[in-house]
Amino acid sequence: MNSPEFIILCELLDHDPDFVSGTALARKLGMSRVGIWMHMEKLRAQGFEFEALRNHGYRIRRPPAELNPLLVQAYLKPRGQPLDLLWLPETDSTNAEAERQLAAARPTPFVVLARQQSLGRGRFGRVWHSPGHGNLYASFVFRPRLEPGRMSTFTLWMGASLCDLVADFCRIQPGLKWPNDLYFGGCKFGGMLTEARIDADQIRDLVFGLGLNVNHPPDSLPSSLSGRATSLAACTGQPVDLNRLTAAIVGRVFTAYEQFVDGKHRDTFADLWNRFDILRGNAVTLIHGQQRVTGIAGGIDDEGCLLIRGENGRPRRFSAGEVTLERASP
Ligand code: BTN
């Protein structure tokens, strides 16, 4: 059941920039104009600013800068299917919350969004620094019923799809550092962490975690990240509309997931990856366990393995590891 606030928001967005009269809203919701006013007050308490003009009605003057689940859902409405979106002001980790929801039998697909994480996790058990105010922390939960072998390119495909969206949305040229980092100007602004539970020979549950530094100032990050992390606002030079970006990302992740499961991503995957790959043609070092390999990155193969050409000129393929870009070719 849609809440009155959600219906009011959708009406105002549908008619924006025109005003919507209190009478029309009251008729739509089957309540008095005083009732409408009370729901508008609830939206104001969430950070919405409205213009209210006698004889004209209401329109949105400024949406909240903070992540607002109602507004994200309202932006997603034109997609048609309602999405199950769990929003939390704060959690330990959206991936951990997704696991708890799965354990409690929440039907898939669903999305967990949080404004802040106290134990955000990254690859190799690292911490994903997750301050409140302005960033995106999301986990997307699916039940793909695919063979585990099919998943080797999943995170890479998601990364390429997200770079494509960020390029469009923010008008910048982001980059991908194999396998799961989103970059701009030599600094990281996002990371992906895919975690799966596997049953015999099928993926049972898939949790795709995405952390994006959007509006939080990068200079307030811990000194260990200084000069290595950035935010989309810093990349574009202006604040990014977090709610519109979140809605666009949620829509894109669902589309990209469906394309992947249907195998429809295969036609475009290599081209999209190559468009954003920041390693290809550059000197890199890969560390995997005790192994340390240096050479020139040569893109990825069909299974998503990174190719590195050593001094003998022969490419070696790696399915996992931590890569450092030694120097970009001029
Ligand atoms: C990495 O670069 O190492 C991956 C970082 C992934 C961080 C995201 S934030 C949302 C989701 N919840 C988590 O605890 N981690 C992922």
Side-chain angles (χ1 to χ4, degrees), residues 67 69 72 85-103 106 108-142 151 154-163 166 174-184 186-197 205-216 218 221-222 224-225 228-232 242 245-246 249-250 252-254 256-257 276-279 286-288 304 306 320-325:
L67 194 61
V72 171
L85 208 152
L86 171 65
W87 180 81
L88 303 162
E90 182 173 356
T91 187
D92 49 354
S93 144
T94 53
N95 273 29
E97 179 59 33
E99 281 165 19
R100 288 190 288 270
Q101 294 293 327
L102 280 167
R106 191 180 188 110
T108 57
F110 64 90
V111 185
V112 183
L113 287 176
R115 225 180 241 170
Q116 185 168 348
Q117 298 183 121
S118 53
L119 285 172
R121 57 196 197 211
R123 277 174 91 217
F124 306 118
R126 290 187 189 133
V127 169
W128 183 257
H129 190 70
S130 311
H133 308 298
N135 289 343
L136 174 68
Y137 312 111
S139 297
F140 300 83
V141 187
F142 301 105
M151 299 309 293
F154 178 77
T155 309
L156 309 184
W157 166 245
M158 285 299 181
S161 303
L162 287 168
C163 267
V166 166
L176 282 164
K177 182 162 90 63
W178 183 91
N180 71 329
D181 295 346
L182 301 160
Y183 264 68
F184 181 81
C187 293
K188 178 164 166 173
F189 67 86
M192 300 170 285
L193 181 69
T194 304
E195 297 176 310
R197 277 195 298 174
D205 309 310
L206 184 74
V207 177
F208 171 66
L210 172 69
L212 280 190
N213 299 338
V214 182
N215 287 323
H216 192 81
L221 290 173
S224 57
L225 295 176
R228 299 196 294 134
T230 188
S231 70
L232 287 174
L242 181 62
L245 176 68
T246 302
I249 284 177
V250 171
R252 184 65 181 248
V253 167
F254 272 76
Y257 170 79
F276 297 112
D277 183 359
I278 59 168
L279 300 181
L286 176 135
I287 295 177
H288 184 43
L306 179 69
E322 170 87 27
V323 186
T324 318
L325 184 60

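Bear in mind that the values here come from a model prediction, so they are computed numbers and not experimental data. Counting convention: from 1, in listed order, for ligands and their atoms alike.
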> Considering only heavy atoms of Asp181, which atoms of ligand 1 have at least one such atom less than 4.0 Å away?
Replying inline: 2 (O)
> Going by the order shown, which atoms of ligand 1 are within less than 4.0 Å of some heavy atom of Gly120?
Replying inline: 14 (O)
>> Set out, in order, the CA-CA distance, both residues' side-chain angles and the distance that settles salt bridge (charged side-chain N to carboxylate O under 4.0 Å, His left out) for Glu99 and Arg106, then state yes or no.
In response: CA-CA 10 Å; Glu99 281 165 19; Arg106 191 180 188 110; over 6 Å; no
>> As an exercise, state the distance from CG of Leu232 to CG of Asn215, rounded to the nearest 0.5 Å.
In response: 8.0 Å
>> Whether Arg100 and Asp92 form a salt bridge (side-chain N of Lys/Arg under 4.0 Å from carboxylate O of Asp/Glu) is what I want to check.
In response: yes
> Going by atom types only, do Asn95 and Ser139 share a side-chain donor-acceptor pair under 3.5 Å?
Replying inline: yes
>> How far is atom 2 (O) of ligand 1 from the closest protein heavy atom, and which atom is that?
In response: Lys188 NZ, 2.7 Å
> Atoms of ligand 1 less than 4.0 Å from Gly122 heavy atoms?
Replying inline: 1 (C), 3 (O), 4 (C), 5 (C)
>> Taking a cutoff of less than 4.0 Å between a non-hydrogen atom of the residue and any ligand atom, is Met192 in contact with ligand 1?
In response: yes
> Do NZ/NE/NH1/NH2 and the carboxylate oxygens of Arg123 and Glu195 come within less than 4.0 Å?
Replying inline: no
> Got the closest protein heavy atom to atom 10 (C) of ligand 1, with its distance?
Replying inline: Thr94 OG1, 3.2 Å
> Sub-3.5 Å donor-acceptor pair from the side chain of Trp157 to the main-chain atoms of Ala256, do we have one?
Replying inline: yes
> What residue and atom, counting heavy atoms only, is the protein's closest point to atom 3 (O) of ligand 1, and at what distance?
Replying inline: Arg123 N, 2.7 Å
> Any idea which protein heavy atom is nearest atom 8 (C) of ligand 1, and the distance to it?
Replying inline: Gly211 N, 3.5 Å
> Taking the minimum heavy-atom distance to atom 6 (C) of ligand 1, which of Glu97, Glu195, Arg121 ranks first?
Replying inline: Arg121
> With side chains defined as the heavy atoms from C-beta onward, is the minimum distance between Leu212 and Ile249 less than 4.5 Å?
Replying inline: yes
>> For the backbone of Thr94 and the side chain of Gln117, can you confirm whether one donor and one acceptor N or O come within less than 3.5 Å of each other?
In response: yes
> Hey, is Leu210 touching ligand 1 through its side chain, its backbone, both or neither, going by heavy atoms under 4.0 Å?
Replying inline: backbone
> So is Trp128 polar-close to ligand 1, meaning N/O to N/O under 3.5 Å?
Replying inline: no
> Would Phe142 and Phe254 satisfy ring-ring contact (aromatic ring centres under 6.0 Å, His included), going step by step from the backbone distance to the final call?
Replying inline: CA-CA 9 Å; Phe142 301 105; Phe254 272 76; 5.3 Å; yes
> Quick one: does ligand 1 sit under 4.0 Å from the side chain of Ala138, the backbone, both or neither, non-hydrogen atoms only?
Replying inline: backbone
>> Nearest non-hydrogen contact with atom 14 (O) of ligand 1 belongs to which option: Ser130, Pro179, Ser93?
In response: Ser93
